[in-house]
Amino acid sequence: MKNFILKITFNIYKIIFHEEISPSVLLFLKNLKHITIGYGIAAVGILVFQILGGRILGPEEYGKYALVDSIAMFLHISMLLGISTAAVKYNAEKEDFKRQKKIISTSYLIILFLSLVSVLFFSIFLSQFSRIFTVSKTIFSLAIIFALFYSLYFLAINSLKGLHEMKKLSVFRIGYALFVLIVFGFFILAKYTFFSAVVLSISFAYFIIFLLITINIRKYLSFYFDKFWAKKFLRYGIYATIGGLSFAFLLSFSKLLVNKFLTTIDVGIYNAYFFSSIGIVIFISGIFTTVFFPTASRYARKEPIFKKIKQFSPYLFFGGTPILFVIEWIILNFYGNEYSINYILMFLFVITSILIIIYQLYNWLFLSEGVLGVKLVTVTTVTMALTNTTLSLYLIPTLGLYGAIISIGISYFIGIIFLSLLKEKLYKSNIN
């Protein structure tokens, strides 16, 4: 059976890329297999959790959870400042224990400090920020908690990515899904069916996985702060932070505008469609980029990888669209009757999801180049964010949920065009 699957994989690769699989590609596929198995098992648990949350809470409470998640995606940026992403890039380049220890220890110290300062800052100005985001103090308070534990979780799993520990990463991802389900199960048994149950379940799971990974990589941790790596992180992180803020606008700001112009119930319905399509795609692309980013960071020349992405994109678009449409329809039906099926809205979410996958491939390849790559990505994401914000402010009040997803889709299409044009700059950088 194993040989049969390998044979099919080799043949598909040859059809798409018109070449035989190289040893480096085989190693990449091996790591991808480990991540796919672990993340695939975890995906089932997260899928069950999201559907249960949507069904049990109902659109309004589920919409409040979506608002917490969206706000947290803005707040966590100041806690990370692109440091953990930079740590993956530089850690993945060389397998040198002393170097890796300096990188991981320094990234831990910086992010723990930034997280503490950010939590204090957002807590002090809680009332003001609540008004800015047009949500209650309870929702914003939970967003602070959610952002904190997400940042710690992100720091920990990125440390494993930089070390190329894909098997361990898979195990911890499964553990995350199990903890989420177990804690949420206790809330259900206690008949506590409010949006905070979902938020606290995820936050608890984030924190536990952070602790377990930190214990696992303790030999790489010390209280030594390396100024050289701190400067490199901050230089990379400045641009990554701008890009991260713009990225938050792309996927999270729309939910906030739906809440502003429509209702919390609409946010819940929007989030169900979002998770059933874009959420699934982000999860799947996350599996790929978990291996892809550290692997690409090792390669000096990016041009061959660009060509493979370009060759693969048409197959992804025409093959992925009908498959994702069916998946979205199945998941939405599990959400229940309160989440009505709208085929036009489904189609718009599917097309946008495919555009997101293609963009993410280019995005992570640029980021693997270093400071130049992250600069170019930052310019692109800022342009995308401005486009999305402008379109959303006009289209959501006039077209409702259609306007929200159309705005995102157009923004990602522009992003793909931008990165396709900017890739020549990376070619020149590789030559020099």
Side-chain angles (χ1 to χ4, degrees), residues 32 35-36 38-51 53-54 65-66 68-70 72-74 76-77 80 84-85 88 146-147 150-151 153-154 157-158 161 169-170 173 176-177 180 198 202 205-206 243-255 270-293 309 313 316-317 320-321 323-325 327-328 331-332 346 348-367 377 380-381 384-385 388 404-405 407-409 411-413 415-416 419:
L32 186 61
I35 290 296
T36 301
Y39 274 53
I41 295 171
V44 176
I46 298 302
L47 180 61
V48 171
F49 169 72
Q50 286 285 344
I51 292 172
Y65 152 67
V68 170
D69 178 72
S70 298
M73 290 306 100
F74 285 95
H76 90 278
I77 293 170
L80 293 175
S84 62
T85 303
V88 175
F146 195 89
Y150 173 76
S151 298
Y153 169 81
F154 199 73
I157 63 170
N158 271 4
K161 287 180 186 179
L169 198 56
S170 296
R173 183 65 185 182
Y176 160 74
V180 168
V198 176
I202 298 174
Y206 280 153
L245 185 61
S246 301
F247 185 75
F249 266 91
L250 284 168
L251 295 182
S252 300
F253 191 58
S254 293
K255 296 178 187 177
Y270 180 84
N271 200 55
Y273 277 84
F274 186 96
F275 176 77
S276 302
S277 54
I278 294 175
I280 297 297
V281 156
I282 290 175
F283 185 84
I284 294 172
S285 63
I287 293 174
F288 184 82
T289 55
T290 293
V291 182
F292 177 71
F293 180 49
I309 294 174
S313 294
L316 182 64
F317 197 90
T321 298
I323 294 172
L324 187 57
F325 192 88
I327 292 172
E328 184 183 13
I331 295 174
L332 283 173
M346 283 177 60
L348 291 172
F349 268 94
V350 167
I351 295 300
T352 299
S353 299
I354 299 299
L355 291 173
I356 288 174
I357 295 179
I358 297 171
Y359 174 81
Q360 287 294 336
L361 292 174
Y362 283 116
N363 173 74
W364 284 104
L365 184 55
F366 269 77
L367 292 178
V377 166
T380 303
T381 50
M384 293 166 67
N388 181 52
I405 192 60
S407 301
I408 295 175
S411 301
Y412 270 95
F413 180 73
I416 293 169
L419 292 186

Got a sec, which residues hit side-chain hydrogen bond (donor to acceptor under 3.5 Å, both in side chains) with [X], two or more places apart in sequence or on another chain?
X	answer
Y65	Q50
S254	none
Y176	none

As an exercise, state the distance from [atom1] of [X] to [atom2] of [Y], rounded to the nearest 0.5 Å.
X	Y	atom1	atom2	answer
D69	Y150	CG	OH	9.0 Å
N388	I408	CG	CD1	5.5 Å
I357	I416	CD1	CD1	10.0 Å
L419	I358	CG	CD1	12.0 Å

Could you report the tightest heavy-atom contact between [X] and [Y], atom names first, then the distance?
X	Y	result
L355	G409	CD1-O, 3.5 Å
M346	E328	O-OE1, 3.0 Å
A66	K255	O-CD, 4.2 Å
V88	N158	CG2-O, 3.2 Å
L47	I331	CD1-CD1, 3.8 Å
I202	V180	CA-CG2, 4.1 Å

Pairs of donor and acceptor atoms involving the side chains of residues 274-284, under 3.5 Å and at least two apart or interchain, shall be tabulated with distances.
{"unit_1": "S276", "atom_1": "OG", "unit_2": "A272", "atom_2": "O", "d": "2.7"}
{"unit_1": "S277", "atom_1": "OG", "unit_2": "Y273", "atom_2": "O", "d": "2.7"}

List the steps and the verdict of side-chain contact (heavy atoms from CB on, under 4.5 Å) for F253 and F74. CA-CA 9 Å; F253 191 58; F74 285 95; 4.2 Å; yes
Any pair counted as side-chain hydrogen bond (donor to acceptor under 3.5 Å, both in side chains), so long as it reaches residues 349-358, sequence neighbours left out: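 Matches after skipping sequence neighbours: none remain.
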Would you indicate whether the side-chain heavy atoms of Y362 and T380 approach each other to under 4.5 Å?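 With C-beta onward as the side chain, the pair stays apart.
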Could you list the residues that satisfy side chain to side chain contact (heavy atoms under 4.5 Å, CB included) with A72, not counting sequence neighbours?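 Listed in chain order: F146, A147.
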Please say whether more than 12 non-hydrogen atoms of neighbouring residues, nucleotides or ligands are located less than 6.0 Å from CZ in F325.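 Buried by this count: over 12 neighbours within 6.0 Å.
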